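Here the structure is laid out as structure tokens; the discussion comes afterwards.
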There are 2 protein chains.
Amino acid sequence: MKIDPNSPADLSAQIATAIRDAIISGELIVDARLPSEAELSEQFAVSRPTVREALKRLAAQSLIRTQRGASGGAFVNRLSFQEAYGQQITTSTLLLSMNDVSFDVACEARFAMERACASLSAQRRTADHLATMRAEIHRQTQPGLSDQSFCDSDVAFHRALVDGAGNPVLSYQLAGAVEAMQPLMNMITFSERSRERIVALHTGIADALEQRNAPKVESLLSELETYTLDIAHGIAAKRRPTAG
Amino acid sequence: MKIDPNSPADLSAQIATAIRDAIISGELIVDARLPSEAELSEQFAVSRPTVREALKRLAAQSLIRTQRGASGGAFVNRLSFQEAYGQQITTSTLLLSMNDVSFDVACEARFAMERACASLSAQRRTADHLATMRAEIHRQTQPGLSDQSFCDSDVAFHRALVDGAGNPVLSYQLAGAVEAMQPLMNMITFSERSRERIVALHTGIADALEQRNAPKVESLLSELETYTLDIAHGIAAKRRPTAG
DNA sequence: CTGCATTATTTTGTCAGACATTTAGGGGTG
DNA sequence: CACCCCTAAATGTCTGACAAAATAATGCAG
């Protein structure tokens, strides 16, 4: 692990890259302890603050964790699916909000991926997954439920569908797509009637999953996609009534 | 934007979170300049090194960029799809390597998502996408091609398929799934015969896309998934010949 | 007044040293 | 054996300073 003091890049960035490469290549394994900050600063011939900046970069990516006290230090972190979800969601959310991705494009991607889970979920969903979905559907029928809560419940419902596929990698990938759309979905005001329609579709999806009818799930998801887009377009049209 | 000096969390972590929230909420827009490190350290009542650690955390996530000199400083970064790909791939790679995700599970997720792109790609693929795929197929038939190069070409082929769907969000999601599997795929040694079979399937997929035959693409992708798993299992069995 | 070289200023990047805080471990005492 | 205290090691934070880069301001020559 060497760095180039004459490189235009920051020393802390170079050090972070060197350590990151060591982790990715397997040179540093999970739970391995890195040298102390003092030792690292000696190895790389830089000051301790510079080493610390490098370590903070790695900590921001959940690549290491630090612990104070004797026998403390920086340890290679086992990247959990949980942490990966979080980063995935943050990244996806920013990507959508900063790059003028239209609601239509995000919606299309999300439902395309969700349909990809349909057949697996129809095969493997457990009673637990079905129970979660039924519970969320029930919650969605409560009168007086705020739009925010309705959206949260919607996410939980679809999350259960995806988790039903029993593939953590798929769940991880979908988490970003589904949750990143939350801010966009929250902009949609759900009328009494549209909630009824969505709940009906959710019920149909749960029924089809119970019967392990994959094609039915897929077609209902497509209907839901179309309907979601319709609502969004209706609201967009209302906001710009003079557009033509 | 306030922080709690009595919180158990590091001050730099709190400051990073506060600024990140401001960016996500839109309080700080793209290309906006953050206060200088000296001003931030005054605002948060901490020292400059602490502020710097916070800024490095954000830089590690590509949320900000910094520039030296007068009228320099830290600016909110427009997260490009390119940068997001990179983070997605790093995260996915570590997730797979650290969590004992089996080849089967990763493979299943990858092909499920790729099939999700099939119908869109059949509708929208351009002549360019087809040309890229044909070129990669041709490369894959070259004798003496290394396994590494064959895998690279394989990634490029599937990348073209996914890009054909014309949905950048889908491309972004798939990039992680496909590229993160590279290290696993590289462990598979491709025999002469298996390469022929894979090339034949690739050719079939390109043909089906040319004819805009979505179901055919999906079924060929399923065949490719099955075949990939067969090869992997065969190699695993060879490595553990006494297992039973 | 214009154009260019020079100087100033602002800001990040880096360093050195110090103190505070937390935690594990060792050793003494009941 | 259990409990307490002390020590040592490590991260967390602060202060102050200088280096390097890039822009802005200045002054001079034409």
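Residue numbers start from 1 in every chain, and the chains themselves are labelled A, B, ... in the order their sequence lines are given, proteins ahead of strands. Computed from a predicted model, the values in this text were never measured in an experiment.
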Sub-3.5 Å pairs of nitrogen or oxygen atoms, protein against nucleotides 3-6 of chain D:
none

Side chain B/Arg124, main chain B/Ala165, donor-acceptor under 3.5 Å: yes

Expected output: side-chain B/Ser25 to main-chain B/Asp21 donor-acceptor under 3.5 Å: yes

Expected output: side-chain A/Gln14 to main-chain A/Asp4 donor-acceptor under 3.5 Å: yes

Donor-acceptor contact present, side-chain B/Ser121 to main-chain B/Cys117, <3.5 Å: no

Sub-4.0 Å heavy-atom contacts from residues 14-22 of chain A onto DNA chain D, ordered by number: none

Partner set under ring-ring contact (aromatic ring centres under 6.0 Å, His included) for B/Phe103, not counting sequence neighbours: none

Per-nucleotide protein contact string for nucleotides 16-24 of chain D, where B marks a base within reach and S marks sugar-phosphate only (heavy atoms under 4.0 Å, - for neither): -B--SBBB-

Donor-acceptor pair, side chain of A/Ser153 and main chain of A/Phe150, under 3.5 angstrom: no

Atom pair CG (A/Asn167) and CG (A/Leu174), whose distance is rounded to the nearest 0.5 Å: 10.0 Å

CD on B/Gln142 to OG on B/Ser149, rounded to 0.5 Å: 11.0 Å

Side chain to side chain contact (heavy atoms under 4.5 Å, CB included) evaluation trace for B/Leu79 with A/Thr91: CA-CA 8 Å; B/Leu79 186 61; A/Thr91 304; 3.9 Å; yes

Those residues of residues 29-41 of chain A lying under 4.0 Å from DNA chain D by at least one heavy atom: A/Arg33, A/Ser36, A/Glu37

Pairs satisfying salt bridge (charged side-chain N to carboxylate O under 4.0 Å, His left out), at least one member in residues 176-187 of chain A, at least two apart: A/Arg159-A/Glu179

Which side-chain N or O atoms in residues 63-71 of chain B pair as donor and acceptor under 3.5 Å with protein atoms at least two apart or in another chain?
from	atom 1	to	atom 2	distance (Å)
B/Arg65	NH1	B/Asp31	OD1	3.4
B/Arg65	NH1	B/Val76	O	3.2
B/Arg65	NH1	B/Asn77	OD1	3.3
B/Arg65	NH2	B/Asp31	OD1	3.0

A/Glu53/A/Lys56 ion pair, N-O < 4.0 Å: no

Residues forming a side chain to side chain donor-acceptor pair (under 3.5 Å) with A/Ser62, sequence neighbours excluded: A/Gln87

Within residues 51-63 of chain A, residues whose heavy atoms come under 4.0 Å of DNA chain D: A/Arg52, A/Lys56

Side chain to side chain donor-acceptor pair (under 3.5 Å) partners for A/Glu225, two or more places apart: A/Arg115

Covered region of DNA chain C, 5' end to 3' end, by chain A [heavy atoms, under 4.0 Å]: C/dG13 to C/dA24

Audit row: B/Thr126, B/His129, side chain to side chain donor-acceptor pair (under 3.5 Å) steps and yes/no: CA-CA 5 Å; B/Thr126 65; B/His129 295 126; 3.2 Å; yes

Euclidean distance, B/Leu95 CG relative to B/Thr90 OG1, rounded to 0.5 Å: 12.0 Å

Under the side chain to side chain donor-acceptor pair (under 3.5 Å) test, residues paired with A/Arg134 that sit two or more places apart: A/Asp207, A/Glu210

